[in-house]
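Below is one structure, written out as structure tokens; comments come after it.
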Amino acid sequence: MQSDNMKCGMQQAPARSLLNALGYTAEEIRKPMVGIVSSYNEIVPGHMNLDKIVEAVKLGVAEAGGTPVVFPAIAVCDGIAMGHVGMKYSLVTRDLIADSTECMAIAHQFDALVMVPNCDKNVPGLLMAAARVNVPTVFVSGGPMLAGHVKGQKRSLSSMFEAVGAHAAGKMTEDDVREFEENVCPTCGSCSGMYTANSMNCLTEVLGMGLRGNGTIPAVYSERLRLAKRAGYAVMEMLEKNIRPRDIMTKDAILNALTVDMALGCSTNSMLHLPAIAHEVGFDFDIAFANGISEKTPNLCHLAPAGPTYMEDLNEAGGVYAVMKELADIGLLHLDCMTVTGKTVGENIQNAVNRNPEVIRPVDNPYSKTGGLAVLKGNLAPDGSVVKRSAVVEEMMVHEGPARVFDCEEDAIDAIKGGKINPGDVVVIRYEGPKGGPGMREMLNPTSAIAGMGLGSSVALITDGRFSGASRGASIGHVSPEAAVGGPIALVEEGDIIAIDIPGLSLELKVSEEELERRRAAWTPRAPRVQTGYLSRYASMVTSGNRGAVLEIPKGA
């Protein structure tokens, strides 16, 4: 066992004395040491129940013959961090989580790990760590929140943000907003639509790193606790069979995840996290893969914010495995990939059933014949940009309009809520990319303000930042190269015509190359917005959005 390195032999007597200080018996010390990474805290609604999940995992590990050892991982609530400086600290935690988990796991020589995340950056951060540490590992998340109910309709967090925009437009009273405020988030759990947290938890199932139901069983269901115990059993079986994350998260498994992403209509943030996970296993993930896979993958689900169904509905309809079975039946998945069950993807999903064809459309009756995401390129985004096309209304699939240019999110929100944005406009928010932000803030406030003010079918938004999974509309993010490094988005001027063609996969600035060269020659880099602390170090190392915003040591450093 790997843990023998820190607990066996005369040389390690000091370590054993410290384990004694923790209260471990000699019998416990002899068993495999299983690290349980707990993302529990008291500020993230999706994490407030993780203490119970962790206790269930501990029982499962102990019953299966291991010694469970809990250590923490941090977590930021994107909804609480949204709209202020705190959002700069959201994406950047993904790498802190990966780094700190790697440190803890290797320093203490754990034989196996169970990851207990739930929200946006914890899941990919811990997947990255799992790939690095590469000891047998199982994921079990905290589960999604149940949908709220307002005036007899199911609602979720995106409805709350849009209510604020509707109030700014004079379409809602304060009492109306308060009713949303008190009812859209009724339970613990990751927010109830197909937002980033639930997207990544579902894709963890597809990758083979989580058990069936990990992405969809609601947080408040007792079934979630049973799942956690089974995760404890499963990691001990993986240890016995020596099945490791790099045996599971192969190139084919990652392409499976991208395929199911298209069918589910996942968050655009998956196009940051899948490349980062791929980077950890040595697979050079080009975001343009998305278009080839999208071309042959039908979009089968329209969960909030794209439609009126929620995670609890997907769970009752058969969950992620039912979606995978639909795709497997038309030959779109690699079925021989290994999983944490010790079985292949094909073996896991062979008996899956689609119980509700209104929630999971059959492949012969999809919402669209192409997938939920698209990568657009053109002279405005030479290295690519990402849009959740399954959440774009038909009339905005092709759009051309004048640019309204803002150098930060706050200025754009003021203009939108101040009634200064007109139908047909293309709002450009720049210097919000990984380096420029720094931290690549989510733009849920401006997209929600646009929707809430009734402009969702006539105004587009383009940014080198990113979007919440709760965003909808013609919201095009991850524009690369970003403004901070002199990308073309830095050269856009007020009133320039921007042409968006989502079916045609293009994003063009209708300005001559000669004029762009003139502007490029006159452009000068901006001083970094943050020059101290973690954000400054992050900005110095982070790559562009099209590469997953992974960290690399700068050349020559």
Side-chain angles (χ1 to χ4, degrees), residues 85 87-88 90-92 268-269 271-272 287 375-387 401-416 425-443 445-447 460-467 471 474-500 506-511 513 515-531 535-536 538-552 554:
V85 67
M87 181 45 71
K88 293 179 184 288
S90 171
L91 179 62
V92 304
T268 51
N269 284 312
M271 295 300 289
L272 286 173
I287 63 169
V375 173
L376 313 184
K377 289 190 175 184
N379 68 348
L380 187 52
D383 293 338
S385 61
V386 182
V387 63
R404 305 297 307 278
V405 183
F406 304 95
D407 287 349
C408 68
E409 177 188 3
E410 290 82 357
D411 289 350
I413 292 171
D414 288 345
I416 295 164
D425 285 349
V426 178
V427 176
V428 176
I429 305 177
R430 62 191 180 190
Y431 295 100
E432 291 285 9
K435 284 185 181 295
M440 204 178 188
R441 286 193 285 183
E442 288 187 342
M443 302 290 169
N445 274 333
T447 58
L461 195 156
I462 295 172
T463 182
D464 53 6
R466 62 194 179 93
F467 296 108
S471 292
S475 303
I476 301 167
H478 309 194
V479 170
S480 300
E482 63 174 292
V485 298
I489 193 172
L491 310 180
V492 181
E493 295 183 358
E494 188 80 7
D496 285 349
I497 300 301
I498 293 176
I500 301 164
S506 71
L507 181 62
E508 294 286 339
L509 178 63
K510 301 191 83 172
V511 172
E513 188 56 38
E515 173 62 15
L516 287 177
E517 282 301 322
R518 184 191 67 78
R519 296 180 189 179
R520 191 172 287 113
W523 179 83
T524 55
R526 297 185 170 218
R529 281 177 171 154
V530 179
Q531 300 187 33
L535 283 182
S536 177
Y538 180 88
S540 72
M541 298 176 69
V542 71
T543 61
S544 64
N546 70 297
R547 295 190 56 204
V550 298
L551 301 185
E552 290 183 347

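- If you take CG on L272 and CG on L91, they are separated by 6.0 Å, rounding to the nearest 0.5 Å.
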inquiry  = Let's go through V542 and M440 carefully: what are the C-alpha distance in whole Å and the side-chain angles of both, what is the deciding distance for side chain to side chain contact (heavy atoms under 4.5 Å, CB included) to 0.1 Å, and is it a yes or a no?
reply    = CA-CA 10 Å; V542 71; M440 204 178 188; over 6 Å; no
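- Here T447 pairs with S471 under the side chain to side chain donor-acceptor pair (under 3.5 Å) rule; sequence neighbours left out.
- Note that the NE2 atom of H478 and the CG atom of L376 stand 11.5 Å from one another [nearest 0.5 Å].
- Judged as a side-chain contact (heavy atoms from CB on, under 4.5 Å), and not counting sequence neighbours, the contacts of A415 are F406, K420, I421.
- Looking at D464, its side chain does come within 3.5 Å of a backbone N or O of E432 through a donor-acceptor pair.
- In terms of the side-chain contact (heavy atoms from CB on, under 4.5 Å) criterion, residue partners of P402 (sequence neighbours excluded) are, by chain and number, D425, I497.
- The side chain to side chain donor-acceptor pair (under 3.5 Å) search around R529 returns none, not counting sequence neighbours.
- Taken from CZ in R404 to CD1 in I462, the straight-line distance is 14.0 Å, to the nearest 0.5 Å.
- With contacts defined as side-chain heavy-atom distances shorter than 4.5 Å, the pair M271/V375 qualifies.
- Interatomic distance, CG of D383 versus CD of E482, reported as 11.0 Å (0.5 Å rounding).
- The salt bridge (Lys or Arg N to Asp or Glu O under 4.0 Å) check on D407 picks up R430, R526, with sequence neighbours excluded.
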task = Check the pair E409, M87 against side chain to side chain contact (heavy atoms under 4.5 Å, CB included), reporting the backbone distance first and the verdict last.
result = CA-CA 11 Å; E409 177 188 3; M87 181 45 71; 5.6 Å; no
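- S385 meets the side chain to side chain donor-acceptor pair (under 3.5 Å) test with no other residue; sequence neighbours excluded.
- Looking only at distances, no side-chain donor or acceptor of E552 sits under 3.5 Å from a matching main-chain atom of T543.
- P382 is linked by a side-chain contact (heavy atoms from CB on, under 4.5 Å) to P481, P488, counting only residues two or more places apart in sequence or in another chain.
- Under the rule for a salt bridge (Lys or Arg N to Asp or Glu O under 4.0 Å), the partners of D496 that lie at least two apart in sequence or sit in another chain are R519.
- The salt bridge (Lys or Arg N to Asp or Glu O under 4.0 Å) search around E442 returns R466, not counting sequence neighbours.
- Rounding to the nearest 0.5 Å places CG of L507 at 4.5 Å from CG of L380.
- Scanning for side-chain contact (heavy atoms from CB on, under 4.5 Å) contacts around V85 gives K88, with sequence neighbours left out.
- Taking the side chain to side chain donor-acceptor pair (under 3.5 Å) definition, one finds that E513 meets it with nothing, sequence neighbours left out.
- Side-chain N or O atoms of E508 include none that pairs as donor or acceptor with a backbone N or O of G378 at under 3.5 Å.
- With hydrogens and angles disregarded, a donor-acceptor distance shorter than 3.5 Å links the side chain of T463 to the backbone of I429.
- Separating the OG atom in S544 from the NZ atom in K435 is a distance of 9.5 Å, to the nearest 0.5 Å.
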